[in-house]
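Read the structure below first, then the notes.
Keep in mind the model is a prediction, meaning the values are calculated, not measured.
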Amino acid sequence: MPRPSQSSELVLRLPMWRSRVVLFLMFAGFCSLIGRAFWIQGVGNDFYAEKGNRVKRVLELNAIRGKILDRNGAILATSLEAKTIIAYPDVVPDDLEKSKVVAFAKLLEMSEAELRKKLGESRSQLYLRRQIEPEVALRIKALEIPGIAITSEYRRYYPEGEAVAHVVGFTNVEDVGQEGMELSNNTLLTGKSGQRNVVIDRLGRVVDDLGGYIPSRNGEDLQLSIDSKIQSIAYQEIKKAVETHRAKAGGAVVLDAVTGEVLALANWPSYDPNHRGNLTGEQLRNRVLTDTFEPGSTMKPITIALALEKGIVTPNTMMPIGHLQIGKKVITDTHPYGVLSVAQIIQKSSNIGTSRIALQMEPEDMWGMFQAVGFGQAPKIGFPGAVAGLVKPYDKWGKLDQASMSYGYSISTSLFQIAKAYTIFVRDGELATISMKKIEKSTSGSPVISPKVAGQVRAMMETVTQEGGTAMKARVDGYRVGGKTGTAHKSNGKKGYSSNRYEGFFVGIAPISSPRIVVAVVIDEPTVGGHYGGEVAAPVFSAVTGSALRVLNIAPDANSTQLVQNNGIQPVNFQR
């Protein structure tokens, strides 16, 4: 079949040079792509890798800090979820709408200028705000600002607030303990953070997981010996007493002397560990452990216990009081006494009588007794800031030092040390080993005096709260209690002692028939309603002790056989 002839109009006539130009351009483009690939993968690799890394992030997986619990499992400190606002300045657009910047700054509680300055920093990542409320974080998220991410972390919460502040302490924004048990047990409570390598988009959202996942490990819980009910009662009573007497400060400590556990440790002034703005040193001081003072007449039972132990006196030994002068110093009592028994010296709180007994002993023996009950040594209870106090070496004592130490001057202790020392009267002569952590059974202590002497001193201390004693306001309905008042002039340094600044104390034990607890109270610089320990501290002891005994479910013993049947000033035989 003959081939049809082609129309001249359908014949494509292209010059050869055009096809060659097209072919050359295609070849040049291909060479450019090869060159570009070589540049990216070779010479320019570091530059582009750095650009790519800007969307790769290492997210920290926060560990949950362990809880702090009281002896019954009530929560004293826990961690709640909070949100953290993170900015990636290299992702945040420079031309961000003003309305969004203003709204964002308001939610962050900062000025617009401050926010813009932060967003303009040459950093790959920075924290804008930490530990904010989840609802605030949701409002920030709704703004949809590129380069702003929201992550979860934890903030510390203290349900009991200021009542336990000086025991528990607090953490900083990094969740590191700064005070109290949070500080001393930071390693135990702190977990170990993990991490996750991710890729984020322009809005800060995770779009890919790059592996390298390391899980976090939460911290361990810590159970304290503190009873939150007794702690709250002690705190409220101290606060009320400070306010009533318009005092500078106050403190109380409650010990279970049988087990050696601290049941309460309260101070006023205090602070709310959940809201720590404008804190002062006065609020932060854990006075029960960190402040030292001359303990006044609370030292007398310890001095007389030593004299009884050494056989120098008995509870019924009659002592002429009269006038006592050592050098230029005249020892005085609040009331004139002619002759008192040793038991009445405790009941009436005679400085002269105690001094006469002390001067019959060797200074080395008294110093040894003070050391044996823990004076001059920092309490080893795993708590930051516990002080040692001061007891001068016995070879530097003069007669005046020896006499004044016997009734609580020329020696310094903390309230905690005095409370611990009184455990020898609860444990039949044995000094308790004290713990801030819950223990399952009583621990052995250090023998200091005989059970017989401990019982004799208990009986004498009971007379202090009876008719004719210095602390009838320390009585507790339904229970027999005993203790010792103390009133000390505050030192003015090298100028001597102040004539109108005092500290009032009461340290006691209960119940007398079967001793269990020691309660020590101090009111610092009371200015209204008296200043003696029997007036300002004894009522606090009464309220705290009565409540503590009921919380501990200890049966009343007021109808049990009295160790002391005191009728005025007539002594009885205290032999057990």
Please walk me through it: do Val101 and Leu115 pass side-chain contact (heavy atoms from CB on, under 4.5 Å)?
-> CA-CA 8 Å; Val101 175; Leu115 176 59; 4.1 Å; yes
Report the C-alpha separation of Arg246 and Glu243 in whole Å, then their side-chain angles, then the decisive distance to 0.1 Å, and conclude whether the salt bridge (charged side-chain N to carboxylate O under 4.0 Å, His left out) test is met.
-> CA-CA 5 Å; Arg246 297 181 187 174; Glu243 292 172 347; over 6 Å; no
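- One distance of note links CG of Leu126 with CG of Leu119; it measures 7.0 Å at 0.5 Å rounding.
- Salt bridge absent: Glu144 and Lys100 never bring a charged side-chain N and a carboxylate O closer than 4.0 Å.
- Heavy atoms from other residues, nucleotides or ligands lying under 6.0 Å from NZ of Lys240 number 12 at most.
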Check the pair Arg155 / Glu133 against salt bridge (charged side-chain N to carboxylate O under 4.0 Å, His left out), numbers first and verdict last.
-> CA-CA 10 Å; Arg155 65 180 177 87; Glu133 299 297 329; 3.2 Å; yes
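- Ion pairing of Glu282 with Arg285 is present here, as a side-chain N (NZ or NE/NH1/NH2) and a carboxylate O approach within less than 4.0 Å.
- In this structure, Gly530 and Val536 approach most closely via the heavy-atom pair O-CG1, 3.4 Å.
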Is there a side-chain contact (heavy atoms from CB on, under 4.5 Å) between Ile226 and Arg71 once you walk through the steps?
-> CA-CA 6 Å; Ile226 296 294; Arg71 62 183 302 102; over 6 Å; no
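- For the pair Ala432 and Lys420, the tightest heavy-atom approach, listed with the atom from each and the gap, is O-CE, 3.4 Å.
- Under 4.0 Å is where a charged nitrogen must lie from a carboxylate oxygen, and between Glu174 and Arg130 at least one such pair does.
- Side-chain polar atoms of Ser228 and Gln231 form no donor-acceptor pair below 3.5 angstrom.
- By the 4.0 Å N-to-carboxylate-O rule, Glu81 lies close enough to Lys83 to be salt-bridged with it.
- Side-chain N/O atoms of Thr259 and Glu261 include a donor and acceptor closer than 3.5 Å.
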Hey, mind stepping through Asp524 and Lys490 against salt bridge (charged side-chain N to carboxylate O under 4.0 Å, His left out) and telling me if it holds?
-> CA-CA 9 Å; Asp524 185 15; Lys490 295 190 71 173; 2.9 Å; yes
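- Looking only at side-chain heavy atoms (C-beta outward), Asn286 and Asn267 come within less than 4.5 Å of each other.
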Given the rule in the salt bridge (charged side-chain N to carboxylate O under 4.0 Å, His left out) test, do Glu112 and Arg116 qualify, once you have shown the distances and angles that lead to the verdict?
-> CA-CA 6 Å; Glu112 179 185 349; Arg116 288 190 180 277; 3.2 Å; yes
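- With respect to Tyr235, the side-chain contact (heavy atoms from CB on, under 4.5 Å) criterion is satisfied by exactly one of His166, Glu160, Glu162: Glu162.
- In this structure, CG on Asp256 lies 5.0 Å from CG on Leu263, to the nearest 0.5 angstrom.
- A salt bridge is absent between Asp175 and Arg156: the closest approach of a Lys/Arg side-chain nitrogen to an acidic carboxylate oxygen does not fall below 4.0 angstrom.
- Annotation: side chain of Pro146 is not in contact with side chain of Val92 (no heavy-atom distance under 4.5 Å).
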CA sep, side-chain torsions, deciding dist, call: Lys192, Asn218, side chain to side chain donor-acceptor pair (under 3.5 Å) = CA-CA 6 Å; Lys192 187 174 182 180; Asn218 294 334; over 6 Å; no
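- Aromatic ring orientation, His489 versus Tyr502: tilted (interplanar angle from 30° to 60°).
- Looking at Asn492 and Arg501, their side chains do bring a donor and an acceptor atom within 3.5 Å of each other.
- With Leu255 as the fixed residue, the side-chain contact (heavy atoms from CB on, under 4.5 Å) test singles out one of Ile434, Ile517, Leu265: Ile434.
- Atom CD of Glu179 and atom OH of Tyr271 lie 5.5 Å apart (nearest 0.5 Å).
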Verify side-chain contact (heavy atoms from CB on, under 4.5 Å) between Leu188 and Thr190, making sure each step is shown before the conclusion.
-> CA-CA 6 Å; Leu188 174 74; Thr190 301; over 6 Å; no
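- A donor and an acceptor atom, one from each side chain of Thr171 and Glu182, are nowhere located under 3.5 Å apart.
- How far CD1 of Ile150 is from CG of Leu138: 7.0 Å, rounded to the nearest 0.5 Å.
- Centroid-to-centroid, the aromatic rings of Phe416 and Phe383 stay 6.0 Å apart or farther.
- The number of heavy-atom neighbours closer than 6.0 Å to NZ of Lys67, taken from other residues, nucleotides and ligands shown, is 12 or below.
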Candidate pair Val168 and Tyr158, rule side-chain contact (heavy atoms from CB on, under 4.5 Å), full reasoning = CA-CA 9 Å; Val168 177; Tyr158 304 93; 3.5 Å; yes
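- When every heavy atom of Ser542 is checked against every heavy atom of Val476, the shortest pair comes out as O-CG2, 3.7 Å.
- Counted by atom type alone, Gln417 and Tyr422 present zero donor-acceptor pairs between their side chains at under 3.5 Å.
- When each of Val544, Ile238, Leu415 is tested with Val521 by the rule side-chain contact (heavy atoms from CB on, under 4.5 Å), just one qualifies, namely Ile238.
- Other residues, nucleotides and ligands contribute only 12 or fewer heavy atoms inside 6.0 Å of the NZ atom of Lys380.
- With a 6.0 Å radius and a threshold of 12 heavy atoms from other residues, nucleotides or ligands, Lys229 has its NZ atom at or below the threshold.
- Residues satisfying the side-chain contact (heavy atoms from CB on, under 4.5 Å) criterion with Ala103, sequence neighbours excluded, are Leu143.
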